[in-house]
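The next block holds one structure in the form of structure tokens; read it before the comments.
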Amino acid sequence: MAKDPPPKKPLRSANSYGKLDRDGFVHRSWIKATGLPDHVFDGRPIIGIANTWSELVTCQVGLRDLAGFVKRGVWEAGGVPIEFPAMSLPETQMRPTAMLFRNLLAMEVEESIRANPIDGVVLMGACDKTTPGLLMGAASVDLPAIFVSGGPMLNGKFEGRDIGSGTDVWRFSEAVRAGEMSLDDFMRAESGMSRSAGSCNTMGTASTMASLTEALGISLPMNAALPAVDSRRKVLAHLSGNRIVQLVKDDVKPSDILTRQAFENAILMHAALGGSTNAVVHLLALAGRLGVPLTLKDFDEIARDAPLLVNLMPSGRYLMEEFCYAGGVPAVAKELGALYRRDAMTVSGKTQGEIADAARVLNSEVIGSLEAPIGPSSGVWVLKGNLCPQGAILKPSAATPALLTHRGKAVVFEDIEDYHARIDDPDLPADETSVLVLKGCGPRGYPGMPEVGNMGLPPKVLAKGVTDMVRISDARMSGTAYGTVILHVAPEAEAGGPLALVQTGDEIALDGPGRTLDLLVDEAELARRRAAWEAARPAPKYSRGWYKLYVDTVLQADQGVDLDFLVGKSSAEVTRESH
Ligand code: FES
């Protein structure tokens, strides 16, 4: 039988496991005791599996079993799989917000990959922040890598109809507040929403980011949509194990895959999906790790001709199961046609064009076409103006069209506690024309930029049957949320952005089609307010630990909310022995 050609460059693991001396003894002896025989240290690639498995949330709970199938694939292809844990980041459980810890996961995984004797890595994540955190860390080391997602959970069910993760929680809770749904029904819906292992079943942040791993080319096709419990996901994990060994042999690194073209595909796919606004900060941060030039403006410009092609909640009607059965991301790529960067290479060994050519749409109600789209152009709109000099974003496909051009009086909440304390007050000076403004929820201010930007409406407005108002904040919003919600205002209030100066009663003008957001207060008055704001600044809140490091170094939303010293790569090189 013909022997495989040798790897393109010497394996990094040989520096630890290939030495016939005291150092080699130490490295081998302590790993052999995990159950590995002598003969596997014959120069085979050592493949790390960075696994965010945990029992803290259903999205990650299936990853331990799935890793077993990755291992089969690695063994079969002639590699040696070694699994290690990475921080779990359960979106619905962590306080004050999982986003505060995305960069901590990225640091953890970066140093775990670099410090250990591995030649390539399989990244296993499922929940919102695990995908970008794992990718950011791996990008900064730049060893061969492939992503395997945990897959979405089955469709939620309540009273005979499908219900979607998150999206229907927001809908039901508004219905309870408006007196249209009983608390008993609300509680019964809770058990039907999450019925299996897997990530949220809407096109929220987890599904968006999993879909973007395909568009970026860093996972195999269908990584996003195969349900967590579908046997074909096990096969995909196995094949990913095969591929990572080949990527090591061919020395194909993340920087070879995650090019500017790959990011352009991710932006196009994001628009076609009606994807989560959170993807904007994650892609900006990932591009920053790789040195790929990418700005907020690119999201608006690149995707302008890409209509909404996918009919999934929160922008549409269906859930991830239907998306899978309709053809998933490859079918969307096919429908994007000439807009898609077909030459972009992927970890599968095929170009994006080859993957798209092999796909087809199996249900045109779920995946539309450029000729018959599900909706109009639906990426994010990037707004600029004196209220957001470094930018803010708005997801038009989740907004009320009539509110996309609007002028109204601000009702200001200084922080989320102020919002909770006053939103139900019958005397709140708000009606349906008002603009709700929330401060103190940016990267530094909260800290961690939580998903609170889609703040609920005042009950007295809901009681009129009104379901949407213009809302503005320096926060993010859940990818499962909807509404005319302006997010990621930069600079944030805590960093001294003009948002800090808005007062109740000020007029605000939104011109969505013109991409502007302005506070209609004259310069002299703003200067007076700024001086008062500076004089009243409290002392810094955090004096130690991760919170302090984060608050002191985090970048604003338009730069991806990475820590300033983590931008860029450090390579996989470690020059010193440990003993
Ligand atoms: Fe983890 Fe939604 S809570 S994917």
Side-chain angles (χ1 to χ4, degrees), residues 166-181 186 277 313-315 375-376 378 380-381 383 385 387-388 392-441 451-478 480-489 493 499 502-521:
T167 302
D168 277 305
V169 181
W170 320 131
R171 203 165 275 148
F172 291 159
S173 68
E174 292 287 277
V176 172
R177 282 159 57 84
E180 293 160 5
M181 185 181 196
F186 185 68
T277 47
M313 291 184 203
S315 296
S378 72
V380 291
W381 286 358
L383 308 173
L387 192 46
C388 52
I393 62 169
L394 169 65
K395 181 175 172 180
S397 64
T400 302
L403 288 175
L404 289 171
T405 303
H406 183 78
R407 189 182 272 225
K409 289 210 158 94
V411 177
V412 175
F413 304 98
E414 293 300 325
D415 53 35
I416 195 68
E417 289 76 21
D418 182 30
Y419 164 79
H420 286 307
R422 293 196 293 124
I423 189 65
D424 292 343
D425 184 347
D427 294 329
L428 190 76
D431 62 25
E432 57 274 30
T433 67
S434 304
V435 176
L436 303 182
V437 176
L438 176 63
K439 307 178 186 177
C441 296
E451 295 183 338
V452 296
N454 57 315
M455 58 198 121
L457 308 190
K460 64 181 186 182
V461 175
L462 286 170
K464 295 185 202 170
V466 174
T467 56
D468 196 9
M469 291 168 69
V470 176
R471 290 159 268 180
I472 300 174
S473 73
D474 44 15
R476 296 177 299 119
M477 77 171 174
S478 164
T480 60
Y482 52 89
T484 310
V485 184
I486 296 163
L487 303 155
H488 306 190
V489 167
L499 187 68
V502 186
Q503 294 181 356
T504 293
D506 290 347
E507 274 227 309
I508 291 177
L510 164 66
D511 175 1
R515 305 297 197 265
T516 59
L517 179 67
D518 287 299
L519 177 62
L520 306 180
V521 175

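- When every heavy atom of L436 is checked against every heavy atom of G456, the shortest pair comes out as CD1-O, 4.1 Å.
- Note: I486 CD1 to D474 CG = 12.5 Å, rounded to the nearest 0.5 Å.
- Between L510 and L383 there is a side-chain heavy-atom pair separated by less than 4.5 Å.
- Between L520 and R407 the shortest side-chain heavy-atom distance falls below 4.5 Å.
- In this structure, the side chains of K439 and D418 stay at 4.5 Å or more apart for every pair of heavy atoms.
- Atom CD1 in I472 sits 4.0 Å away from atom CD1 in I508 (nearest 0.5 Å).
- R515 contributes a side-chain N or O that, together with a main-chain N or O of G512, makes up a donor-acceptor pair within less than 3.5 Å.
- R471 is listed as a side-chain neighbour of L457, based on a closest heavy-atom distance under 4.5 Å.
- Salt bridge present: R177 and D424 bring a charged side-chain N and a carboxylate O closer than 4.0 Å.
- A heavy-atom distance below 4.5 Å is found between the side chains of S478 and W170.
- Contact annotation: the side chain of T277 approaches that of M477 to within less than 4.5 Å [non-hydrogen atoms, C-beta and beyond].
- Under a 3.5 Å cut-off, the side chain of T484 and the backbone N or O of T400 do form a donor-acceptor pair.
- Rounded to the nearest 0.5 Å, atoms CG (N454) and CG (L487) are 8.0 Å apart.
- In this structure the side chain of Y482 never reaches within 4.5 angstrom of the side chain of T467, judged on heavy atoms.
- W381 has its side chain within reach of L404: a pair of non-hydrogen atoms, C-beta onward, lies under 4.5 Å apart.
- Other residues, nucleotides and ligands place no more than 12 heavy atoms under 6.0 Å from the NZ atom of K409.
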